[in-house]
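Computed from heavy atoms alone, side chains included, the values below leave out hydrogens, waters and symmetry copies. Reminder, nothing fancy here: chain letters follow the sequence lines and each chain counts from 1. A quick note: this is a predicted structure, and the numbers were derived from the prediction, not measured.
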There are 2 protein chains.
Amino acid sequence: MSATKDGDSDTGAGRDGDEAAVSRFVERFAAEMTEAGMQRMASRVFASLLASDESALTSAELSERLQISPAAVSGAVRYLTQAGMVGREREPGSRRDRYRLHNDLWFETFTRRDQLLARWEKVLRDGVESLGPDSPAGLRIAETAAFMQFLDSELKGLMTRWHAHRETLDLGPRT
Amino acid sequence: MSATKDGDSDTGAGRDGDEAAVSRFVERFAAEMTEAGMQRMASRVFASLLASDESALTSAELSERLQISPAAVSGAVRYLTQAGMVGREREPGSRRDRYRLHNDLWFETFTRRDQLLARWEKVLRDGVESLGPDSPAGLRIAETAAFMQFLDSELKGLMTRWHAHRETLDLGPRT
DNA sequence: CGCTACTTTCACAAACTTGTGAAGTTAAGG
DNA sequence: CCTTAACTTCACAAGTTTGTGAAAGTAGCG
């Protein structure tokens, strides 16, 4: 069925795999991310980038693949760059931007996470004061704050172990 | 205004700490959770329970403290119970339900997390097929799937370490 | 130096979410 | 059994969010 031919494509056999199947994957994965709390368009853009061979696409490509307006791409990209999940590059002699997934994808994402944890911890520590440090509720909240702190401290080691573990997989060098 | 007196309160000095301060904490913490993606009312109910001495409140108490209708409480509680973050108890000879934070709060929450991870991993593995396991995109997605699997495996050890670490804190026995 | 290709911003319409009052359901207690 | 307290469901109003087309900004390239 369908679609594998694209006219000016040059790498031959299905440049990013079977288009329909890829699109299905993109939508499925995006749906999961959306359910986990990310904006819909941002999820879709992210998933598209993840599923692209270059791990980078231009605005126009995104617009076409996802069937959305340039404005929607713009909005999604703003969100993703602010969240530090995607970088923007200008191709030297051209007026196109390319949006690129950071290589160290999950590292970047988790790095931000600890700022979040720090904020939560702060709010919780203040809460202990409000409730009285010896009340049951105060103690429970102190425990929660301690948990956040613990998580924060664990994150570093976790990423180190991931990088080590990653080496043992034969996934080839980073793209 | 002060509000510390509440008429039928019996434990004396501010049953759950200074009411205004507690409410402020509840709202602040709930706001953080909301920003992180949880529904507003669910966040507020959760925060209220966290800040209550019993770690449990009745529907009426929630309704009053948060100034929301019973219907809103009902909706929030449904969400929280489905997410496994809150349990429902019926007080024996009474028609009131009490909603209770699970003791092992964070353990419960993280336990669910691995189901989420498993789902993501599944979607990703399917994606590898769609993209071709040898394409750059396929490899990247395989790496992502591997990361999810890695995270899942780490979670167990993490919670074990947390429980150990928790013992070293003088927070008294579990509530 | 102006043309043109690309991107962003803006105002608005559509769609979804959220919280409410009111009616409906269940079960304790007389 | 009947009453009544407590919870749930339902339909809807209010408020947000989301995505779009159109206009305005930027910057390559002739």
Restricting to ring-ring contact (aromatic ring centres under 6.0 Å, His included), what partner residues turn up for B:Trp120, sequence neighbours left out? A:Phe29
Round to the nearest Å and state the distance from A:Arg88 atom CZ to C:dC6 atom C1'. 12 Å
Interface with DNA chain D, restricted to residues 95-102 of chain B and to heavy atoms under 4.0 Å: B:Arg95, B:Arg96, B:Asp97, B:Tyr99
How many Å lie between CE on A:Met41 and P on C:dA15, as a whole number? 14 Å
If an axis is fit to five pairs at each end of the helix from C:dC1-D:dG30 to C:dG30-D:dC1, what is the angle between the two, to the nearest 10°? 20°
Test salt bridge (Lys or Arg N to Asp or Glu O under 4.0 Å) applied to A:Glu61 - qualifying residues, sequence neighbours left out: none
Is B:Ser59 near enough to D:dA6 that one of its side-chain N or O atoms lies under 4.0 angstrom from OP1 or OP2? no
List in chain and number order the residues that pass salt bridge (Lys or Arg N to Asp or Glu O under 4.0 Å) with A:Arg96, two or more places apart in sequence or in another chain; answer none if no residue qualifies. none
How close or far is atom C1' of C:dT18 from atom CZ of B:Arg78, stated in whole angstroms? 13 Å
Would you please classify the geometry between the A:His165 ring and the B:Phe150 ring as parallel, tilted or perpendicular, with 30° and 60° separating the classes? parallel
Spacing between B:Tyr79 atom OH and C:dT17 atom P, to the nearest angstrom: 13 Å
Side chains of A:Gln67 and A:Arg44: any donor to acceptor distance under 3.5 Å? no
Rounded to the Å, how far apart are A:Glu35 CD and C:dT17 C1'? 16 Å
Starting from the C-alpha separation in whole Å, work towards a yes-or-no answer on salt bridge (Lys or Arg N to Asp or Glu O under 4.0 Å) for B:Arg28 and B:Glu32. CA-CA 7 Å; B:Arg28 270 226 284 160; B:Glu32 294 286 345; over 6 Å; no
B:Arg90 CZ to C:dG29 C1', in whole Å, measures 14 Å
Rounded to the nearest Å, what distance is computed from the CD1 atom of residue A:Ile68 to the C1' atom of nucleotide D:dT17? 16 Å
In terms of heavy-atom contacts, does CZ of A:Arg119 have more than 12 from other residues, nucleotides or ligands at under 6.0 Å? yes
Flag yes if more than 12 heavy atoms outside B:Arg161 fall under 6.0 Å of its CZ atom; otherwise flag no. yes
Counting heavy atoms from C-beta on, name the nucleotide in C:dG19, C:dT18, C:dT9 closest to the side chain of A:Ser74. C:dT9
So which nucleotide from C:dG21, D:dT18, C:dT7 ends up closest to the side chain of B:Ala71? C:dG21
Filter on salt bridge (charged side-chain N to carboxylate O under 4.0 Å, His left out), then keep only pairs touching residues 67-88 of chain B, sequence neighbours left out; what's left? B:Arg88-B:Asp97
Gap between atoms CZ and P, on A:Arg40 and C:dA15 respectively (whole Å): 12 Å
